[in-house]
Amino acid sequence: MKKETDILIIGAGPVGLFTVFEAGLLGLECILIDNLDKIGGQCSELYPEKPIYDIPGVPNQTAQEHVDALLEQIKPFNYEVFLNERVESLEELKGEEIPSWKVTTSEKNEFIAKSVFIAAGAGSFEPRRPPNIDNPDIYLDKGVSYAVRSKSKFKDKDLVIFGGGDSALDWTVELSDIAKSIKLVHRRDEFRGAPNTEAQMRELVKQGKVELMTPFVIEDLIGEDHIEGAKIKNFESKEIEEINCDEVLFLFGLNKKLGPLADWGIDMVNKKISVDTEKFETSNSGIFAVGDINDYPGKLDLILCGFHETTLAVQEAFRRKYPGERVPFGYTTSNTKLQKKLGVAD
Ligand SMILES: Cc1cc2nc3c(=O)[nH]c(=O)nc-3n(C[C@H](O)[C@H](O)[C@H](O)COP(=O)(O)OP(=O)(O)OC[C@H]3O[C@@H](n4cnc5c(N)ncnc54)[C@H](O)[C@@H]3O)c2cc1C
């Protein structure tokens with residue numbers, strides 16, 4: 001398959017989604033590609049039910065609600081999404097005054113665009129598996145999880161959480177009201193997460209709502225068609241214990257794999273793509289990097305920073321499509337042309 005568009009966006013996280021909005025206001029069309037099976041990037045994959053408090057003007061919204069709101073906001077615009085496809089290569093198509101780029105995916109689909117926006121966040125990331133278990137994924141959806149997609153999955157379940165970072169602590173606290181029982185297993189009695197959440201977890205232990213098991217590591221999983229328990233080894237005495245459970249949650253963090261983008265010949269520093277702060281363009285003209293994937297002096301990995309970056313980058317994408325034309329600017333509150341594009345004025 002071969003398709004053409006104005007802006008090809010690699011990554012359907014919050015910043016990729018907001019790019020569609022800003023591009024739409026300028027009359028530019030977009031195609032989004034993501035290697036995950038869903039839209040939403042880190043928000044939907046890693047912490048859909050956690051509240052975010054620092055989206056301007058939105059005091060409190062879960063990460064999934066935030067993604068849903070972005071999808072609602074871009075409804076008026078023409079865009080297409082291709083999921084379960086990884087962008088593998090970028091090739092400059094020389095010959096035109098302002099060259100286009102050809103993007104090829106793992107599905108061998110080809111996309112041609114004047115501007116490519118890399119909104120690839122932390123790259124293609126995948127959860128770390130328990131190191132000493134051969135194939136824990138045979139129990140995927142049969143009692144083994146690496147993320148909490150829906151709290152209801154753990155309702156009235158005997159749950160064992162493995163891990164010692166923020167996610168392990170957060171979910172121990174959040175699921176303590178829902179699960180029938182929770183054991184938090186970690187190899188030492190020290191945690192890398194926020195002290196406040198650790199204090200909450202220890203309070204739940206005092207109240208008998210959580211059982212803290214240290215210093216233990218996972219040794220094996222037990223179960224035929226579904227998890228029935230786990231073998232854990234005392235890190236110091238090396239003794240092995242068996243614990244019964246219906247659900248096991250491994251929260252060992254993510255392996256951030258940059259994936260193919262490291263080979264695209266774009267200037268990078270510390271596994272991030274270097275950009276200017278005027279247009280958020282990379283070392284390659286027409287390739288922009290926005291959101292968590294980019295780096296510049298003062299960069300913060302926050303959603304609102306990505307929104308600012310992509311808003312400015314889209315201006316340059318307009319100039320690439322319509323060289324010499326002034327980029328239209330207007331307030332959505334008062335500009336009827338923009339309101340027509342949004343479908344709120346006749
Ligand atoms: C637990 C947690 C809590 C957080 N809380 C907050 C908060 O309160 N406030 C805040 O502002 N930020 C928060 N963040 C950070 C926020 O989630 C990120 O800043 C935001 O997700 C970055 O958005 P993005 O669109 O740049 O990238 P991402 O959300 O990372 O999305 C990038 C997408 O690109 C895809 N991709 C990568 N490479 C390819 C490829 N080659 N081909 C196709 N697709 C590709 C990935 O699969 C991914 O879906 C939090 C992060 C975490 C982990």
Side-chain angles (χ1 to χ4, degrees), residues 8-22 31-67 70-71 81-90 103-107 109 111 116-127 146-148 163 165-171 174 192-194 197 251 253-264 266 271-273 275 280 287-295 299-310 313:
L8 188 288
I9 306 167
I10 304 171
V15 179
L17 293 175
F18 194 64
T19 302
V20 175
F21 181 79
E22 287 297 330
I31 289 180
L32 287 151
I33 303 178
D34 203 297
N35 60 286
L36 293 178
D37 59 358
K38 64 170 99 54
I39 287 176
Q42 294 176 50
C43 291
S44 300
E45 181 65 14
L46 299 184
Y47 60 108
E49 298 194 13
K50 278 170 88 80
I52 305 180
Y53 299 102
D54 56 354
I55 302 298
V58 185
N60 177 350
Q61 198 175 39
T62 67
Q64 189 56 49
E65 282 168 351
H66 178 56
V67 170
L70 287 166
L71 283 169
V81 186
F82 292 82
L83 295 174
N84 294 309
E85 275 190 59
R86 199 161 82 148
V87 172
E88 297 290 344
S89 65
L90 299 186
V103 168
T104 309
T105 70
S106 47
E107 303 302 299
N109 289 325
F111 300 88
V116 174
F117 278 43
I118 305 176
S124 332
F125 50 80
E126 49 180 76
Y146 300 104
V148 179
D166 273 316
S167 295
L169 289 171
D170 283 356
W171 285 119
E174 289 236 22
R192 297 182 313 279
T197 324
L251 297 172
L254 291 173
N255 269 329
K256 290 182 186 173
K257 290 196 178 154
L258 267 183
L261 67 88
D263 305 319
W264 292 343
I266 300 171
K271 299 189 177 172
K272 294 225 181 192
I273 299 177
V275 287
F280 298 90
I287 308 277
F288 301 81
V290 291
D292 281 14
I293 193 67
N294 74 14
D295 194 37
K299 167 71 183 179
L300 293 177
D301 284 350
L302 285 174
I303 294 167
L304 71 92
C305 296
F307 289 170
H308 160 79
E309 294 156 13
T310 205

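Note that this is a predicted model, so its numbers are computed, not measured. Hydrogens, waters and symmetry mates are skipped; everything else that's a heavy atom, side chains included, is used. Every number for a ligand or one of its atoms is a count from 1 in the order of the listing.
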Separation between [atom1] of [X] and [atom2] of [Y], rounded to the nearest 0.5 Å:
X      : Y      : atom1 : atom2 : result
Arg192 : Leu169 : CZ    : CG    : 9.0 Å
Ile9   : Thr310 : CD1   : OG1   : 7.0 Å
Leu304 : Phe18  : CG    : CZ    : 11.0 Å

May I ask you to decide whether Asp301 forms a salt bridge with Lys272, counting only side-chain N to carboxylate O separations under 4.0 Å?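 Judged by the 4.0 Å cut-off on N to carboxylate O distance, Asp301 and Lys272 do form a salt bridge.
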* Mark yes or no for whether Glu65, through its side chain, and Thr62, through its backbone, hold a donor-acceptor pair below 3.5 Å. =>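 Yes, Glu65 side chain to Thr62 backbone: donor-acceptor pair under 3.5 Å.
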Which segment of [X] sits under 4.0 Å of ligand 1 when only heavy atoms are counted:
X      : value
Ala120 : both
Glu85  : backbone
Asp292 : both
Asp301 : backbone

Just by distance, no angles: are the side chains of Asn294 and Lys299 close enough, under 3.5 Å, to form a donor-acceptor pair?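 Asn294 vs Lys299: donor-acceptor pair found between side chains.
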Please identify which atoms of ligand 1 are closer than 4.0 Å to at least one heavy atom of [X].
X      : result
Ile52  : 7 (C), 8 (O), 9 (N)
Leu46  : 53 (C)
Ile33  : 43 (C), 44 (N)
Gly123 : 37 (C), 38 (N), 46 (C)
Gly11  : 33 (C), 34 (O), 35 (C)
Ala122 : 30 (O)
Gly291 : 26 (O)
Gly13  : 25 (O), 29 (O), 31 (O)

Does some non-hydrogen atom of [X] fall short of 4.0 Å from ligand 1?
X      : answer
Leu36  : yes
Ala119 : yes
Gly306 : no

Which of the listed options, Tyr53, Phe307, Tyr47, Phe82, holds the heavy atom that is closest to atom 2 (C) of ligand 1?
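Heavy atom nearest to atom 2 (C) of ligand 1 belongs to Tyr47.
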Can you name the nearest heavy-atom pair linking [X] to [Y], along with the distance?
X      : Y      : answer
Leu261 : Leu258 : CG-O, 3.6 Å
Ile266 : Ile118 : CD1-CD1, 3.7 Å
Leu251 : Ser167 : CD1-O, 3.6 Å

Taking distance alone, with N or O pairs closer than 3.5 Å, would you say [X] contacts ligand 1?
X      : answer
Asp54  : yes
Lys50  : no
Trp264 : no
Leu258 : no
Ile303 : yes

- Message: Among residues at least two apart in sequence or on other chains, which ones pass side-chain hydrogen bond (donor to acceptor under 3.5 Å, both in side chains) with Gln64?
- Response: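 With sequence neighbours excluded, Gln64 shows a side-chain hydrogen bond (donor to acceptor under 3.5 Å, both in side chains) to Ser44, Asp68, given in chain and number order.
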Practice task
Quick one: list whatever passes side-chain hydrogen bond (donor to acceptor under 3.5 Å, both in side chains) with Asn109, sequence neighbours left out.
Solution key: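 side-chain hydrogen bond (donor to acceptor under 3.5 Å, both in side chains) check on Asn109 returns Glu85.
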Quiz item: Where does the angle between the aromatic ring planes of Phe111 and Phe82 fall among parallel (under 30°), tilted (30 to 60°) and perpendicular (over 60°)?
Solution: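 The rings of Phe111 and Phe82 stand perpendicular, inter-plane angle above 60°.
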So, for Phe117 and Phe288, is the gap between ring centers shorter than 6.0 Å?
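Distance test on ring centres: under 6.0 Å, yes.
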